[in-house]
Peer 1: 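Here it is, the structure in full.
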Amino acid sequence: MASLAKELSAAAGAAFEAMGLEARLGEVRRSDKPELADFQCNGAMAAAKAAGRSPREIAGEIAAALKAHALVLSAEVAGPGFINLRVSDAALSARAEAVRRDAMAGGEKAAAPERITLDFGGPNVAKPMHVGHLRSAVIGDTLQRLFRFLGDEVVSDTHLGDWGLQMGHLITELQDEQPSLIYFDSGFTGPYPAESPVTMDDLARLYPQASNKAKANEARNERSQKAVAEMQAGRAGFRALLTHFINVSVASLKQDYAFLNVSFDLWKGESDVDDLIPEVIERYKAKGLAVESGGAWIVPLAREGEHIPVEKNGEITYKNAMPPILLINSRGGTGYHTTDLATILDRVEHMGPAPDRIVYVVDQRQAQHFVQVFRAAEKLDLMPEDRLEHIGFGTVNGTDGKPFKTREGGVLRLADLNSMALEEAFRKIDAAGKLPEDMSAEERADVAHKVAVAALRFSDLMNTRITNYVFDLDRFTSFEGKTGPYLLYAAVRVKSVLRKAAEAGHQPGAVAVSEDAERALVLQLDGFGAALLGAREKRMPHILCEHLYSLAQAFSAFYGALPIASEADAAKRASRLALADAVRYQLETGLDLLGITVPERM
RNA sequence: GACUCCGUAGCUCAGCUGGAUAGAGCGCUCGCCUUCUAAGCGAGUGGUCGCAGGUUCAAAUCCUGCCGGGGUCACCA
């Protein structure tokens, strides 16, 4: 059975069509005014002008048609032409039962599923992930779960940054510290040691050292640039180091991701498409798309009306500029424009069936970069621009509204953020003192971890993706308000009620709603499918967050208003237990899509 | 300068393919645990939807201009 909203929309749409109007006018949604109606349809007002009739008159006819529908208890015209609908208790009862038995907990598959390559995470080798990486990881992973749930075929790839200047910094800095390492002996032909000469801590130390030196000293920077170019050109010792750097880094990255329940199908990186770069460059040159400019090779991308040169004080600047992509820099090296294009080539031509779409979950500040890459990809007929999609997101700010920093002013590492959240979860759990006495240390630690992850993931996902948000750990780990821990608590409480009932021999049975709190709960359950599809269509996980939060609230209100397991009347008790079970099922299903798991007790 | 995102309650934010009295959380004020987890629930408080025009029966929502803030603008990614 489809959702009530969908059934009613179809019925209203048919009624509009019967009047010679568009079916889409029949869209029915939850009422803004629960005291007036369960659902409403506003199409009559929109239709009035085209139909040349008064909106109330049209609404009257639609309402009359809807009254005949089996689900509808009443259909009334209000105000300028709103159609207010009430559905019957029987319809709500049947819907609740359907949700409880449904394979998707009341959700529905996407109408046009796609094969999607999802590129997110994007950590850099040797640079520990920082708080900025949280968003890509959490949003990307949630989209991955959501897309799969709705029927899309997803291949996720973390796309390591392992090909750029940072590798040159690491190589040269390591050379300064340990010049005798075999990797720097250009006469050595291998094989190189299997053991890495550096640890993750070494890398985390070497990179900022080199980066700071390079910023202050142009010659030092040149050395790094040169080293990258040599590595990219295939110098064996440098490539062996690269492999060590990647392996050491990936092991560390996996720990941070695992804490957050984030996973990837592929751990490919920029360096994996090394062998495709010459081909990409050749294709651009062969098509006459690449031009030489100042010792570099670029692909101009500006379109009509863009990129108008303006000369000022002898310097040329561009009005409305869409800069070209840099295919090869003046030192012969390639940057992330070129590796991104080679990666598209790889994904489209070398990795099994070509994806229908490639989706990148990357900081909004990269928006122009992706416009450039997408245009360039289309020019080469790799993939049409409209099948390439950048899902941008805002930055994570501190409570001062500026980009999040540690107390010392440095960038906060993701690993440290994870530990802070875990500590805070332990603190809040201790302060509440609500965990059962018999809970083992392991279970307690598991609960703390789940609370920490719920806090981090939910607080990130509940914000509109595109805007910046203020990170406030204390607020996010709170059990009060619109937080992950509140949702966890609500879900655990449903489970607890169901468990206690089962222990007492009470099972869920046929649903028969009658009370307001029961009706409100089922109406909320009914909105799951629309929330999922909306979240997928807009790539906005906060739509799902809102739904789940409202569901948890509706359950809490229901729980407060009516006895469930303790209801004396057996039929009512069985019905309410079934309702509770439907809520548990949908809540757990939805939270799982957010990467949040619910403990048995807390 | 160009492009882009944002400006809604004291704070943090939803709502923006136009529709009824603009919502939520926090905060603050009340009330509710001898029954299922009170980490909860109920009630109240609080808004010139940045400003000015325009389109419309109807604008937080669409259009134009302005003001304020963030971001980006070819050799780091």
Side-chain angles (χ1 to χ4, degrees), chain A residues 31-33 36 40 42 45-46 48-49 55 78-82 84 122 124 127 161 163-166 168-169 211 214 221 224-225 228 270 293-296 298 306 308 310 312 317-326 328-331 333-337 339-340 363-369 372 392 394-395 397 399 401-403 428-429 431-434 436 451 462-464 466-470 472 475 478-483 485-486 488-490 492-493 495-501 504 542-543 545-546 549-550 553 556-557 559-561 563-567 576 580 601-602:
Chain A
S31 174
D32 298 332
K33 316 255 159 230
L36 292 179
Q40 64 179 338
N42 298 346
M45 291 176 289
K49 186 161 277 182
F82 297 102
N84 284 333
N124 285 307
K127 287 195 255 182
W163 199 239
L165 182 63
Q166 83 268 25
H169 283 330
S211 177
N221 196 49
S224 294
Q225 293 275 13
V228 186
E270 295 171 327
S293 166
I298 62 172
E306 298 173 348
I308 302 160
V310 178
K312 194 169 67 181
T317 55
Y318 294 94
K319 188 187 171 199
N320 232 0
M322 178 53 68
I325 58 159
L326 190 64
I328 311 177
N329 68 28
S330 50
R331 293 171 201 85
T334 51
Y336 76 150
H337 281 128
T339 51
D340 277 4
D363 195 315
Q364 187 60 33
R365 287 176 292 192
Q366 303 282 335
Q368 185 176 260
H369 165 72
Q372 292 178 288
T395 56
N397 293 341
T399 40
K402 294 175 184 163
K428 293 258 160 73
I429 285 168
K434 299 281 184 181
V451 168
M462 70 176 275
N463 291 286
T464 317
I466 209 77
T467 55
N468 300 343
Y469 78 95
V470 175
D472 183 343
R475 185 155 61 85
S478 170
F479 285 87
E480 290 161 22
K482 202 184 266 187
T483 67
Y486 168 88
L488 236 38
Y489 174 74
V492 166
R493 198 161 54 165
K495 286 185 166 192
S496 172
V497 170
L498 290 166
R499 189 172 51 241
K500 287 262 168 67
H542 83 275
I543 296 171
C545 292
E546 288 288 344
Y549 178 70
S550 298
Q553 271 189 320
S556 289
Y559 175 91
I564 304 170
S566 52
E567 165 62 43
R576 288 181 194 156
R601 307 186 298 172
M602 63 182 264

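By convention in this document, chain letters (A, B, ...) are assigned in the order of the sequence lines, proteins followed by strands, and residues within each chain are numbered from 1.
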Peer 1: Given the C1' atoms of B:G15 and B:G7, what is the spacing between them in whole Å?
Peer 2: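 Approximately 15 Å lies between the C1' atom of B:G15 and that of B:G7.
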
Peer 1: B:C73 and B:C26: how far apart are their C1' atoms, nearest whole angstrom?
Peer 2: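 After rounding to an integer number of Å, I get 39 Å for this pair.
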
Peer 1: By the 4.0 Å heavy-atom rule, please label A:Lys428 as base, sugar-phosphate, or nothing.
Peer 2: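 Nothing, no nucleic acid heavy atom in range.
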
Peer 1: Counting only side-chain nitrogens and oxygens, does A:Gln225 get under 4.0 Å of the OP1 or OP2 atom of B:C76?
Peer 2: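 It does, given that an N or O in the side chain of A:Gln225 lies less than 4.0 Å from OP1 or OP2 of B:C76.
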
Peer 1: NA contact type, A:Gln553, heavy-atom cut-off 4.0 Å: base, sugar-phosphate, or nothing?
Peer 2: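 Contact class for A:Gln553: sugar-phosphate only.
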
Peer 1: Under 4.0 Å between any heavy atoms, over every strand shown, what does A:Ser293 touch: base, sugar-phosphate, or nothing? Just pick one.
Peer 2: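 Base contact.
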
Peer 1: Counting only side-chain N and O atoms of A:Tyr336, is one of them less than 4.0 Å from OP1 or OP2 of B:C75?
Peer 2: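 No.
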
Peer 1: Students often mix this up, so state it plainly: with edges at 30° and 60°, are the rings of A:His369 and A:Tyr336 parallel, tilted or perpendicular?
Peer 2: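 Rings of A:His369 and A:Tyr336: parallel, under 30°.
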
Peer 1: Where the side chain of A:Leu165 is defined as all heavy atoms beyond and including C-beta, which of B:U72, B:A74, B:C76 is the nearest nucleotide?
Peer 2: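 Between B:U72, B:A74, B:C76, the one nearest the side chain of A:Leu165 would be B:C76.
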
Peer 1: Could you tell me whether the side chain of A:Asn84 has a donor or acceptor atom within less than 3.5 Å of a complementary atom in the base of B:A20?
Peer 2: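 Result: at least one qualifying N/O pair found.
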
Peer 1: Rounded to whole angstrom, note down the P distance from B:U12 over to B:G27.
Peer 2: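 15 Å, rounded to whole Å.
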
Peer 1: In whole angstrom, give me the gap between the C1' atoms of B:C16 and B:C5.
Peer 2: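 It comes out at 14 Å once rounded to the nearest Å.
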
Peer 1: Can you tell me how far P in B:C49 sits from the matching atom in B:A60, rounded to whole Å?
Peer 2: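 It works out to 7 Å between them.
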
Peer 1: Name the residue from A:Asp363, A:Thr467, A:Asn468 that meets the side-chain hydrogen bond (donor to acceptor under 3.5 Å, both in side chains) definition with A:Thr395.
Peer 2: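 It is A:Asn468; the other options fail the test.
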
Peer 1: Find the distance A:Asn42:CG to B:U61:P and express it as a whole number of Å.
Peer 2: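 For the pair A:Asn42 CG and B:U61 P, the rounded distance is 18 Å.
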
Peer 1: What is the distance, rounded to the nearest whole Å, between atom NE2 of A:His369 and atom C1' of B:C3?
Peer 2: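 Whole-Å distance recorded here is 17 Å.
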
Peer 1: Just N and O in the side chain of A:Ser496: are any of them under 4.0 Å from OP1 or OP2 of B:U37?
Peer 2: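 For B:U37, OP1 or OP2 has a side-chain N or O of A:Ser496 closer than 4.0 Å.
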
Peer 1: Scan A:Tyr469 against the nucleic acid and name what it touches under 4.0 Å (heavy atoms): base, sugar-phosphate only, or nothing.
Peer 2: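 Answer is sugar-phosphate: A:Tyr469 comes under 4.0 Å of backbone atoms only.
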
Peer 1: Are B:A24 and A:Tyr549 stacked, with the base six-membered ring and the side-chain ring centres under 5.5 Å apart and planes under 30°?
Peer 2: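 Stack criterion not met.
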
Peer 1: Can you check the distance between B:C11 and B:G47, where both ends of the measurement are the P atom (answer in whole Å)?
Peer 2: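 Rounded to whole Å, the distance is 12 Å.
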
Peer 1: Is the base of B:C28 syn or anti, if syn means a glycosidic angle within 90° of 0?
Peer 2: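 You should classify B:C28 as anti.
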
Peer 1: Whom does B:A24 pair with, Watson-Crick or G-U wobble, provided both distances fall under 3.5 Å?
Peer 2: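 Looking at the geometry, B:A24 pairs with B:U12.
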
